[in-house]
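Structure first, then comments.
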Amino acid sequence: MFVAPHIEWAALSPVLILLGAAVIGVLVEAFVPRGSRRLVQVVVAALALGGALVAVTWRWTVVQQDGPSSLVAGALREDAPALLFQAILLILALLALLVIADRARGEDAFTPTASAIPGSEYEGQARRAGLAQTEVFPLTMFAVTGMLVFPAAADLLTMFIALEVLSLPLYLLAGMARRRRLVSQEASLKYFLLGAFSSAFFLMGLALLYGYAGSVHLADIATAVPLVSGMDGLLLAGSALVIIGLLFKVGAVPFHSWTPDVYQGAPTPITGFMAACTKVAAFAALLRFVYVVTPGLGWDLAPFLWIVAILTMVVGTVLAIVQTDMKRTLAYSSVAHAGFLLLGIIALDERGISGILVYLLAYGLATVGAFALVTLVRTKDAEGNLVGEAGHLSEWAGLGRRSPVLAVCFALFLLSFAGIPLTAGFTGKFAVFGAAVAGGDWPLVVIAVLASAAAAFFYVRIIVLMFFTEPATGEDGSATTVVRSEGLTAVAVVVCAVGTVLVGVVPTAVLAVAAQASKFLL
Amino acid sequence: MSILNYLVLSGILFAIGGTAVLVRRNAIVAFMGVELMLNAANLTLVTFARMHGDLTGQVIAFFVMVVAAAEVVIGLAIIVSIFRTRGSASLDDASLLKS
């Protein structure tokens, strides 16, 4: 006998606004004339993200008064951590949208028609006709919708659907780069195959946990843990598979192999978007699963999580040092950051939640900002034609003399990645490491501090390269140049830089808000 | 018949699917491996639904089918676009991205 669930429309408003915007975006593709399509799409997407942010703020005040609640027959949970994760996601997505929408020199970062064969006559015609793949915006909105549901999902089925809703658009977006399209398509294929592979693991874990507890609600599974005996194998295998599925999305070693390839191949604005937002959403879901379901089996899962965290920190840092490509360096640095964030998960301490929130905000701001700047640094050949983004690290030499503002901003983001005091990264690292010490994981913290010190080496190396090295000219007369953004990227970078400094210099306000979020989840 | 048989079968299917993804070099075959893994999970869900005597598992299996269908659309779009570019769907050819 099915009972129709009671649906709390008001509490669902942030998700509904974005989903509505995504559907409107699809209709815009069909009905709005080509000339004004792009403007309409950008405005719809920006309004939706802003509106959803207002809705999340409103729900925050409601939750502060009435306490957390379950929505849609227990499918979603509206509590302080979920709302804060959603707020961080929306802020980062809005900044990433500015970078996605920017057209430096009249060209955005996306291919004019993704269906055209690279290098074909048809592609050339499409480029000359000034076509634009404006489906990018509804796809982004769909991805953000999935990301918003992910931190709030209170049962494994909702989590699985949200995982797919956020992943499927990203697989497509990764393959739409304007330049180096073969690499971009390859990144898309790798991301898709490994992403689908990992969601199959997640699903198998879901099935095993359902067999164990007879329910997919996280709370029901948690209550079954001390009661049901004789099926520990199902519980452990199920939890491990679900966690593996989520660790794939996070990019933790040994499930990280897609990260550098996809980050390098995808259009750079999309790389910034998914590096920041996917990590926020996936860590939110991982946090909820680990903190709600697995405290009862801490000793059984702890060795697994410890090994993953140590490997992630060490491998991410070491491989970042040996990279020669800017986007790959940032990709491995994001792998290392996933390792630092795992400390807050393993801590199983109330402070872990607020620590991860602050760390993700700091990491997200620096990531969106850094990749936004990467979009502006281009290579030009001997005749002065723009060839593409300056990928190789040596092409960034001497940038500090020609474009001091850009180089200073980039250096700021790198320092924040490195966790230097007075930047947001320091606040985040301090909060997460503090939680890990409180949880009794001091050996992990020692490794994390050593890894941070080693990581600081390659961040500083890039800064030295930008400010204290002569600019290099290639043998074929190619050189590095900085293109002027349309203004949108500049706004995003300035906001990211100001946010990074503010969270670093006056962290108390952010920490106080984040501390409120640790009350309800457990 | 014992419920365990179905679980063993789904375990075998899951392993075959996983092996196909890791070993086979054709993108389409690797993708079929993923689909096999999803369906192994479906079989597990339906078996456990029978064991617990409630419908949740069967309903979830329907959700998974819809998701799998959506995934096929996206996946084939990506594989076809790569095939048209390169004239092959081999994963070994797709190796421009190396560290």
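Residue numbers start from 1 in every chain, and the chains themselves are labelled A, B, ... in the order their sequence lines are given, proteins ahead of strands.
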Contacting moiety of [X], where chain B heavy atoms sit under 4.5 Å:
| X | result |
| --- | --- |
| A:Glu164 | side chain |
| A:Leu208 | both |
| A:Leu157 | side chain |
| A:Phe160 | side chain |
| A:Val322 | neither |

Quick one: are [X] and [Y] in side-chain contact, heavy atoms under 4.5 Å?
| X | Y | answer |
| --- | --- | --- |
| A:Leu168 | B:Val67 | no |
| B:Asp54 | A:Tyr210 | yes |
| A:Ser215 | B:His52 | no |
| A:Leu234 | B:Phe48 | yes |
| B:Arg84 | A:Gln185 | no |
| A:Ser167 | B:Glu71 | no |

*If every non-hydrogen atom of B:Ala27 is compared with every non-hydrogen atom of A:Leu193, which pair is closest and at what distance?*
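It is O-CD2, 4.4 Å.
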*Minimum heavy-atom separation for B:Ser10 to A:Met204, with atom names?*
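Taking every non-hydrogen atom into account, OG-CE, 4.2 Å.
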Portion of [X] that has a non-hydrogen atom of chain A nearer than 4.5 angstrom:
| X | result |
| --- | --- |
| B:Val59 | side chain |
| B:Ala49 | both |
| B:Leu38 | both |

*Using modelled atom types only, decide if a donor and an acceptor are shared between the side chain of A:Arg181 and the backbone of B:Thr85 within a distance under 3.5 Å.*
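No, A:Arg181 side chain to B:Thr85 backbone: no donor-acceptor pair under 3.5 Å.
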*Heavy-atom pairs under 4.5 Å with chain B, option from A:Ser188, A:Gly195, A:Gly119 with the top count*: A:Ser188
_Ring centroid separation A:Phe197 to B:Phe31 under 6.0 Å_ = no
_If you apply the rule side chain to side chain contact (heavy atoms under 4.5 Å, CB included), what do you find for A:Leu182 with B:Arg86, and how did you get there?_
CA-CA 9 Å; A:Leu182 286 185; B:Arg86 298 165 188 261; 4.3 Å; yes
